[in-house]
Amino acid sequence: LLDLVGMDKVKLEGSSLIKSDPRISLDFNAIAQGYAVDVIYDYFKSMGFNEYLVEIGGEVRVRGDKGGTFWKIGIDRPEENNFIPGSDLQAIISLKDRALATSGNYRKFYVEDGVKYSHTIDPRTGYPVRSTLLSATILAEDCAVADGIATACMVMGRENSIRFLQDNPQFDAFLIFSDDKGNFQTWSTPGFEKFISEN
């Protein structure tokens, strides 16, 4: 299947998509929820609304504030049995006029022969990602971009994500990972830290 993977195998010519192999298909799962949030956000903006929050599956974009106070958004603690969003939070952040997306491997996975396999596939290998990075939360101007970068971080892993985020300061980020003893640790960009209202 790796022969069918890669953006170098497709190109746009006008309004047509040209594929190097007819078996290639495009999957927008990494940005679909974020993009849907942006579409609804833009619709509400066109209707003249100035204060609102749009959320789909944990991807969020806010406009304005909530009656004079910033919107409070929870970041779930990435524990395997934390299946109910908001029931066990790692942090709470305050947002205004920003988008947020979180990708993680703690809710969507399967176990076979005692081995846990993430739902995120590394396009370089074709196999599920194996990493100590448990979740990546990204702040950006729009939610589709935040969603895509969060997924990319899950593929890159902790160290490569940190390097990427340091080289791309337009994104603020909060990473949760496990250390050598299996304890939760966090890393955030300096810009993200100012949004954290509760740990």
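This chain uses plain numbering: 1 for the first residue, then up along the sequence.
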Exercise: identify the closest heavy-atom pair between [X] and [Y]:
X	Y	value
L26	V10	CD1-CG1, 4.4 Å
A30	T151	O-OG1, 3.7 Å
S188	E193	OG-CG, 3.0 Å
C143	G34	CB-O, 3.3 Å
D65	T69	CB-O, 3.2 Å

Side chain [X], main chain [Y], donor-acceptor under 3.5 Å:
X	Y	value
S20	K9	yes
E55	G57	yes
R63	F49	yes
S103	A136	no
Y41	Y52	no
N168	Q170	no

Any side-chain heavy-atom pair of [X] and [Y] under 4.5 Å:
X	Y	result
I93	F192	yes
V155	P123	yes
Q33	D147	yes
V60	W71	no
F195	L100	no

### Query
With sequence neighbours left out, what residues match D97 under salt bridge (Lys or Arg N to Asp or Glu O under 4.0 Å)?
none
Does atom [atom1] of [X] have more than 12 heavy-atom neighbours, drawn from other residues, nucleotides or ligands, at distances under 6.0 Å?
X	atom1	value
D8	CG	yes
L1	CG	no
K11	NZ	no

### Query
According to a 4.5 Å side-chain heavy-atom criterion applied to Ile, Leu, Val, Met, Phe, Trp and Tyr, with indirect links allowed, do I73 and I56 form part of one hydrophobic cluster?
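No, I73 and I56 fall in different hydrophobic clusters.
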## Note on the structure
Between the CG atom in L133 and the CE atom in M156, the distance rounded to the nearest 0.5 Å is 9.0 Å
